[in-house]
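Chain naming here is simple, since letters A, B, ... match the order of the sequence lines and numbering starts at 1 in each.
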Amino acid sequence: MQEKYLPAELEVAAQELWDRSGAARAIEDPSRPKYYCLSMFPYPSGKLHMGHVRNYTIGDVLARFHRMLGYNVLQPMGWDAFGMPAENAAMQHKVPPAQWTYANIDYMKTQLKRLGFAIDWTRELATCRPEYYRWEQWLFTRLYEKGLIYQRLGTVNWDPVDQTVLANEQVIDGRGWRSGAPIEKREIPMYYMKITAYAEELLADLDQLPGWPEQVRLMQKNWIGKSTGVRFAFPYELDGEAGQLWVFTTRADTLMGVTFCAVAAEHPLASHAAARDPQVAAFVEECKRGGVAEADLATMEKKGLPTGIFVTHPLNGEQVEVWIGNYVLMGYGDGAVMAVPAHDERDFVFARKYGLPIRQVIAVAGEVFSLDAWQEWYADKQRGVCVNSGKYDGLTCETAVDAIAADLSAKGLGEKKVQFRLRDWGISRQRYWGCPIPIVHCPRCGALPVPDEELPVILPEDVAITGAGSPLARMPGFYQCTCPQCGGPARRETDTLDTFVESSWYFLRYCCPDNDRAMVDERVAYWCAGGIDQYIGGIEHAILHLLYARFWTRLMRDVGLFGEPPLAEPFANLLTQGMVVAPTFYREDSHGKKLWINPAEVDAVHDERGRASGATLRADGLPVVVGGIEKMSKSKNNGVDPQALIDQYGADTARLFIMFASPPEQSLEWSDAGVEGAFRFLKRLWRIVHQHVSTGLVAPHVEGNLSADLKGLRRQLHQTIAKVADDYGRRKQFNTAIAAVMELLNACTRINDDSAAARAVRQEVLEAVTLLLNPIVPHVCEALHAALRPGCTASSQAFPTPDASALVQDEIELVLQINGKLRGSLRVAAAADRATIEAAALACDAACRQLAGAAPRKVVVVPGRLVNIVV
RNA sequence: GCCGAGAUGGCGGAAUCGGUAGACGCAGCGGACUCAAAAUCCGCCGAUGGCAACAUCGUGGGGGUUCGAUUCCCCCUCUCGGCACCA
C-alpha cells in the first residue's frame with residue numbers, strides 16, 4: 001500500500017476497474033428488485049457547475065448505496081440538448097447550435113466521468129438527436145388526431161425592431177434584451193396541449209405521492225388551483241344588438257356589491273369601444289405595451305379607462321359600466337371580471353383611484369365598514385353575512401352563493417362552475433434549435449399531421465443564426481413540401497416544440513434508447529414499475545417540469561403505450577435538491593445591457609453581514625456592480641466550474657465536500673472554504689489505514705471479551721452503521737452520515753492500544769468505514785478496502801449491518817433538569833424504572849440544593865433521556 | 001402582487017417524534033514535532049460577569065402554548081425559488 005494518498009492515480013485505477021467489470025451496466029433482471037435512480041438531466045451549457053456536482057453526487061450515493069443493498073440499479077444520463085442558449089452562442093460565436101451543443105456534451109461527459117459516477121453510459125441520449133425526437137413527433141401526431149393538441153391564438157412578447165418573438169427572460173424592464181426596444185404583446189397562432197383536461201386527475205393524484213415533499217405537492221396543488229364559483233353573464237344591448245358579458249367569480253355572495261366590470265384590452269367590448277373613441281383606442285394600445293410575464297402584470301400599476309358601454313346587472317337590473325383594465329388577462333377565463341370594491345382588495349384600490357362607487361354588501365358583527373382604508377375582514381368568507389342585498393340579507397357566504405347561483409340559473413344567466421387556475425400548455429416556439437412540429441399546412445386541406453412513414457421531420461443542423469425570426473422560415477428546402485392528403489404543394493410548420501416536451505418523457509426512453517420501432521417497450525415496464533424509485537433534481541422544477549412529466553405519462557397511458565398496470569405517476573420518490581447559489585456581478589454597456597461577470601473573475605469586499613458590498617474585476621481593477629445571490633446559471637454567468645477543484649484535490653474530495661457542506665434539500669451559497677478540510681479528512685483516513693495495514697493484517701473482531709474502551713468503540717461502530725444506513729436510506733441526509741463517520745474515526749484514533757484484540761476491532765472499524773463511505777467517496781474506498789482485504793472490491797460488497805449485541809449498554813446517563821434548566825446528570829442502570837430514576841434524581845446534590853427540604857411540585861421523567869424537577 | 005421555502009457562533013452546519021443548543025468541519029488562537037517551514041498531532045474556541053466553582057443571556061424580531069420551544073401557534077422583517085417562452 002502506498003504511504004501517501006494520491007487521488008489522481010487511484011481514481012484513474014478505480015474507474016478503470018469499474019469500466020472493466022461493467023459495474024455500472026444495468027441489465028433487466030426480473031429475479032432481482034430494481035432501483036431506478038434518476039437525476040434530472042443537464043442542459044449542455046458548456047461546463048458542469050456545482051449544482052450539477054451536487055445533484056449527480058446525491059444520485060450516485062443513492063445508486064451505489066442501493067447496489068450494496070442488493071438492488072438491480074439503473075442510473076442513466078442524457079442531455080436536455082435543445083434550447084435557447086445554443087442559439088445565443090451561435091450568434092455570439094458564429095458556430096451552429098448543433099456543433100456548439102455536441103462540443104459541450106463531449107466536455108461535460110468527460111467531467112461527469114472524471115467524477116466517477118456509476119452511470120450506465122450505454123443508455124446515454126441527447127434530445128436533439130432524431131432517434132429521440134422522432135417519437136415525440138410520432139406521439140404529437142397521435143395527440144393531434146385525438147384533439148389533445150389543438151391550435152389557437154396565443155399572446156407573445158414581440159420585439160418590433162428585431163421583428164422576433166422573445167422569451168420572458170429576454171425582456172428586461174419591458175425592453176428587448178438585444179434591441180432595447182419597448183416590447184409589445186402580439187397574438188399569433190400556436191399549438192396547445194390540453195393539460196386542463198387532466199387537471200382534476202393531476203390534482204387528485206397528488207395525495208397518492210407520499211414519496212414527494214409536502215411543499216412540492218402543495219405548490220402543484222395551488223398551481224392547478226381548483227376553485228368552485230359561478231360563471232354568469234351581464235346582458236347588454238349594443239348598437240341594437242343583444243349580447244352577454246360573461247365573468248367568473250368565487251364570491252357570488254358579493255354580487256349585489258358590483259359597481260363596475262373590467263375587461264381585458266383584447267376583449268370584444270374593448271375593441272368595440274376603441275373603434276368609436278380614439279381615447280379608448282389609445283388606452284388599448286397602451287395596454288399592449290410591455291411583456292406577458294405574469295410577475296410583471298401582477299406588480300404593475302393598475303390602470304383603467306371607462307368604455308362608455310353599460311351592461312345590466314343580472315339580479316337588480318342596474319346599469320353597470322364596463323371599464324378596460326390593464327390587469328385583466330384575455331387568456332384567463334373570459335377575459336372579464338366583475339368588480340366589487342367593498343370586498344375585493346384590488347377592486348377597492350382601483351375604485352378609490354378612479355372615484356368609483358363602493359357598496360358594502362357584507363358585514364361582520366362588531367366591525368365598522370369605512371371607505372378610508374382596506375381592512376382584512378372586508379373579504380372574510382368565514383365571518384361575513386350579506387347586507388344591503390335584498391332577499392339575500394342575513395345569508396352566510398356559502399348559502400348566499402347557492403341562492404344567487406340558483407336565481408341566475410333560473411334566468412338562464414349563469415351556473416355554478418368548477419374552475420382551474422391551470423391553463424393549457426402552449427408548446428409552439430418560434431425558434432430554430434428545437435424539435436420540429438410535425439404538421440403540414442395545405443392551402444386546400446388545412447393543417448395535417450405528418451404521416452408516420454415521413455417521420456422524423458429532421459431539423460437541419462447546418463444553419464446560420466441571425467436573431468431575427470426563425471431560420472427555418474427562411475429555408476425553402478425545409479418548409480417546401482407536399483400535402484399528405486391531396487399531394488399538392490404545402491408548407492411545413494416552422495415552429496418548434498417547447499423544450500419542456502423533451503424533458504417530459506426522457507426518463508422512459510433511457511429504458512429502451514435503442515428501440516427504433518417503438519417509443520417505449522417492455523423494458524419500461526421493468527424499470528418503471530411502481531414509478532421511478534428515486535428522482536433527484538432542483539427545487540426550481542417543482543411545478544412546471546414535474547407537472548408536465550406527470551401529464552405526459554398520462555397522455556402516453558391514454559394512447560395505450562404501457563402494459564398492465566399502466567404507468568401514470570412517473571416518480572414514486574422525489575428529492576428536491578436545494579439550489580447552489582452564488583453572487584452575481586455585472587457591468588452595463590452603453591445601451592444599458594448587462595454583461596454578467598463570473599464570480600471567479602472578481603475580487604469582492606464583504607460587509608459585516610458577509611454579503612458582497614463592492615467588487616472589482618481582477619483583469620482591470622475597476623469596479624463592477626454587485627447583483628443578488630442567485631442560482632448558478634448560464635444566463636447570469638455565476639456558475640462555478642468544479643474542474644479546478646477536481647484537478648487540485650480529486651473527484652472524491654469534490655464529492656465529499658459538496659455532500660458534507662449542507663443537507664441536500666437546503667439551498668447552498670457556494671464557497672470553497674472547507675474544501676481543504678474534506679481533503680484533509682481523506683488524507684487522515686488513508687494514513688490511519690496505512691498505519692494499521694503496515695503492522696500486518698488481522699481478521700476483524702468477531703467475538704470475545706473486550707476492554708471497556710474497545711467495547712465502547714465497537715458500540716459506536718455499530719451505532720454509526722445504523723445511523724449511516726438510516727441517513728442514506730430514509731433521511732437522505734448525507735452531511736450527518738459523514739459527520740458520524742468522522743466521529744467514529746476520531747474515537748478509533750483516541751484508543752492507544754496495540755493488543756491483538758484492539759487490532760481486530762480496528763480492522764473491523766476500518767473495513768466498515770470503507771464500506772460506509774463507499775457511496776460518497778468510492779475511489780478511495782476501493783483502494784483502502786483492497787488494502788484491508790486483498791482481492792476484495794468495495795463496490796461489490798454488501799452494505800454493513802449493525803451487530804445488535806454490540807449495542808447493548810448496562811448503564812446510561814440521564815440529563816438532570818431543574819425547572820427545565822440543565823443542572824447536572826446522573827448514571828442509572830439501563831433497565832431502571834421510573835420510580836428508581838425519580839428517587840436517584842431527587843437524591844442528587846443539585847436537586848437537594850434547589851429543593852432545600854421542600855417537596856418538588858412535579859417530576860417529569862423521559863425514559864432514556866432526562867429528568868426534570870419542577871420546584 | 002400571488003404561491004412555496006428558509007433565517008442557529010467569525011463561517012458551513014448539528015440537534016431525526018416538544019427533552020443536554022452549537023455534534024462534525026472550516027477559520028482563528030495556544031502548544032508539540034522541526035534548524036526552519038510545510039505537513040501532522042494535542043488543546044482552546046457563542047456572549048456577558050467571575051481567579052474559579054458557577055451564574056445570567058442566547059437559535060431573524062415581537063407575542064403565545066408547555067414542567068420544558070431551534071422544534072408547535074399567531075403577527076412582523078429579510079433572503080431565496082417559482083409565476084406558464086431560462087432550463
Side-chain angles (χ1 to χ4, degrees), chain A residues 40 42-43 45 80 83-85 154 156-157 165-171 213-216 218-219 221-223 225 291-300 302 327 331 346 421-431 498-500 503 538-545 547-548 576 578-579 581 610-611 628-631 633-636 657 660-663 665-669 671 673-678 680-681 683-684 687 723 726-727 730-731 733 735-736 738-743 746 749 813-822 825 857-860 862 865-866 868-870:
Chain A
M40 289 182 187
Y43 177 79
S45 56
D80 187 11
M84 228 172 38
V156 294
N157 302 306
V165 176
L166 295 184
N168 285 336
E169 191 191 52
Q170 298 171 311
V171 178
E214 184 58 44
Q215 56 157 313
V216 176
L218 187 56
M219 279 191 262
K221 179 179 181 249
N222 292 338
W223 182 263
V292 297
E294 183 177 316
D296 296 333
L297 296 170
T299 46
M300 72 186 178
K302 309 287 178 283
Y327 59 92
R346 192 175 60 182
R421 204 188 76 97
L422 183 69
R423 310 200 292 263
D424 276 342
W425 173 16
I427 50 173
S428 297
R429 297 293 179 268
Q430 298 67 46
R431 267 179 249 300
D498 179 3
T499 58
F500 272 124
S503 57
I539 182 70
E540 71 270 29
H541 296 293
I543 295 173
L544 293 180
H545 161 60
L547 189 62
Y548 292 149
T576 44
M579 262 149 314
V581 295
R611 299 195 57 131
I629 293 171
E630 297 182 55
K631 73 169 172 175
S633 73
K634 179 99 185 157
S635 60
K636 297 286 167 71
F657 174 64
F660 186 54
S662 79
E665 305 215 290
Q666 198 165 305
S667 72
L668 170 67
E669 188 178 341
S671 151
V675 172
E676 193 70 45
R680 203 177 293 158
F681 172 73
K683 280 195 291 184
R684 181 167 135 85
R687 203 163 43 242
K723 177 177 173 52
D726 186 47
D727 277 352
R730 180 184 62 90
R731 295 219 298 156
Q733 190 168 298
N735 55 333
T736 47
I738 296 165
V741 175
M742 286 174 168
E743 283 182 81
N746 289 345
T749 55
E813 194 165 275
L814 294 183
V815 163
L816 176 67
Q817 289 185 344
I818 290 162
N819 292 334
K821 284 191 175 169
L822 178 66
S825 64
R857 229 167 44 136
K858 188 174 179 181
V859 181
V860 182
V862 182
R865 281 212 174 262
L866 60 72
N868 186 21
I869 300 169
V870 187

For the side chain of [X], starting at C-beta, report the closest nucleotide among [options].
{"X": "K723(A)", "options": "U16(B), G12(B), C86(B)", "result": "U16(B)"}
{"X": "A661(A)", "options": "A84(B), G1(B), G12(B)", "result": "G12(B)"}
{"X": "N868(A)", "options": "U16(B), G81(B), G68(B)", "result": "G68(B)"}
{"X": "D726(A)", "options": "U16(B), G19(B), C86(B)", "result": "U16(B)"}
{"X": "I543(A)", "options": "G1(B), G82(B), G12(B)", "result": "G82(B)"}

For the pair made of [atom1] in [X] and [atom2] in [N], what is the distance, rounded to whole Å?
{"X": "L547(A)", "N": "C83(B)", "atom1": "CG", "atom2": "C1'", "answer": "13 Å"}
{"X": "M84(A)", "N": "A87(B)", "atom1": "CE", "atom2": "P", "answer": "5 Å"}
{"X": "Q733(A)", "N": "G13(B)", "atom1": "CD", "atom2": "C1'", "answer": "10 Å"}
{"X": "Q170(A)", "N": "C86(B)", "atom1": "CD", "atom2": "P", "answer": "8 Å"}
{"X": "E540(A)", "N": "C83(B)", "atom1": "CD", "atom2": "C1'", "answer": "14 Å"}
{"X": "M40(A)", "N": "C86(B)", "atom1": "CE", "atom2": "C1'", "answer": "15 Å"}
{"X": "R731(A)", "N": "U16(B)", "atom1": "CZ", "atom2": "C1'", "answer": "4 Å"}
{"X": "E669(A)", "N": "G81(B)", "atom1": "CD", "atom2": "P", "answer": "11 Å"}

Rounding to an integer number of angstrom, what distance separates [N] and [M] when you compare their [atom1] atoms?
{"N": "C42(B)", "M": "A52(B)", "atom1": "C1'", "answer": "24 Å"}
{"N": "G46(B)", "M": "U34(B)", "atom1": "C1'", "answer": "35 Å"}
{"N": "A5(B)", "M": "U40(B)", "atom1": "P", "answer": "43 Å"}
{"N": "G30(B)", "M": "A39(B)", "atom1": "P", "answer": "16 Å"}
{"N": "G31(B)", "M": "C17(B)", "atom1": "P", "answer": "45 Å"}
{"N": "C57(B)", "M": "A21(B)", "atom1": "P", "answer": "13 Å"}
{"N": "C78(B)", "M": "A23(B)", "atom1": "C1'", "answer": "28 Å"}
{"N": "U20(B)", "M": "C74(B)", "atom1": "P", "answer": "24 Å"}

Below 3.5 Å is the cut-off: list the nitrogen or oxygen pairs between protein and nucleotides 4-10 of chain B, distance only.
{"from": "G4(B)", "atom 1": "O2'", "to": "Q215(A)", "atom 2": "OE1", "distance (Å)": "3.1"}

Taking syn as within 90° of 0 and anti otherwise, name the glycosidic form of G49(B).
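What G49(B) shows is an anti base, its glycosidic angle lying more than 90° from 0.
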Enter syn or anti for the glycosidic conformation of C17(B), syn applying to angles within 90° of 0.
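Base orientation: syn.
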A correct dot-bracket answer for RNA chain B, with pairs being Watson-Crick or G-U at under 3.5 Å, [ ] for crossing pairs and | for inter-strand pairs, is (((((((..(((......[....))).(((((.......))))).((((....))))..(((((..]....))))))))))))....
Could you tell me which residues satisfy side-chain hydrogen bond (donor to acceptor under 3.5 Å, both in side chains) with Q170(A), sequence neighbours excluded, listed by chain and number?
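In terms of side-chain hydrogen bond (donor to acceptor under 3.5 Å, both in side chains), with neighbours along the sequence ignored, Q170(A) is linked to no residue.
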Sequence neighbours excluded, which residues qualify as side-chain hydrogen bond (donor to acceptor under 3.5 Å, both in side chains) partners of S633(A)?
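Expected list: S635(A).
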Do [X] and [Y] come close enough that some side-chain heavy atom pair is under 4.5 Å?
{"X": "L422(A)", "Y": "L547(A)", "answer": "yes"}
{"X": "Q817(A)", "Y": "I869(A)", "answer": "no"}
{"X": "S825(A)", "Y": "L816(A)", "answer": "no"}

Using salt bridge (Lys or Arg N to Asp or Glu O under 4.0 Å) as the criterion, list what pairs up with [X], not counting sequence neighbours.
{"X": "D726(A)", "answer": "R730(A)"}
{"X": "E676(A)", "answer": "none"}
{"X": "K723(A)", "answer": "D727(A)"}
{"X": "K634(A)", "answer": "none"}

Report the residues that fulfil ring pair (Phe, Tyr, Trp, His ring centres under 6.0 Å) with [X], sequence neighbours left out, ordered by chain and then residue number.
{"X": "Y43(A)", "answer": "none"}
{"X": "F681(A)", "answer": "none"}
{"X": "W223(A)", "answer": "none"}

Would you tell me if any nitrogen or oxygen in the side chain of [X] comes within less than 4.0 Å of OP1 or OP2 on [N]?
{"X": "K302(A)", "N": "G1(B)", "value": "no"}
{"X": "R857(A)", "N": "G68(B)", "value": "no"}
{"X": "K683(A)", "N": "U40(B)", "value": "yes"}

Please compare G83(A) and E630(A) by the position of their nearest nucleotide in RNA chain B and report the one closer to 5'.
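Closer to the 5' end of RNA chain B: E630(A).
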Take L166(A) and S671(A), find for each the nucleotide of RNA chain B with the closest heavy atom, and name the residue whose nucleotide sits nearer the 5' end.
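Its nearest nucleotide lies further toward 5', so the answer is S671(A).
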Expected output: side-chain N735(A) to main-chain S662(A) donor-acceptor under 3.5 Å
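It does not hold such a pair.
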V870(A) backbone acceptor or donor facing N819(A) side chain under 3.5 Å:
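No.
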Protein within reach of the bases, or only the backbone? For nucleotides 20-28 of chain B, mark each nucleotide 5' to 3' as B, S or -, using heavy atoms under 4.0 Å.
B--BBSSS-
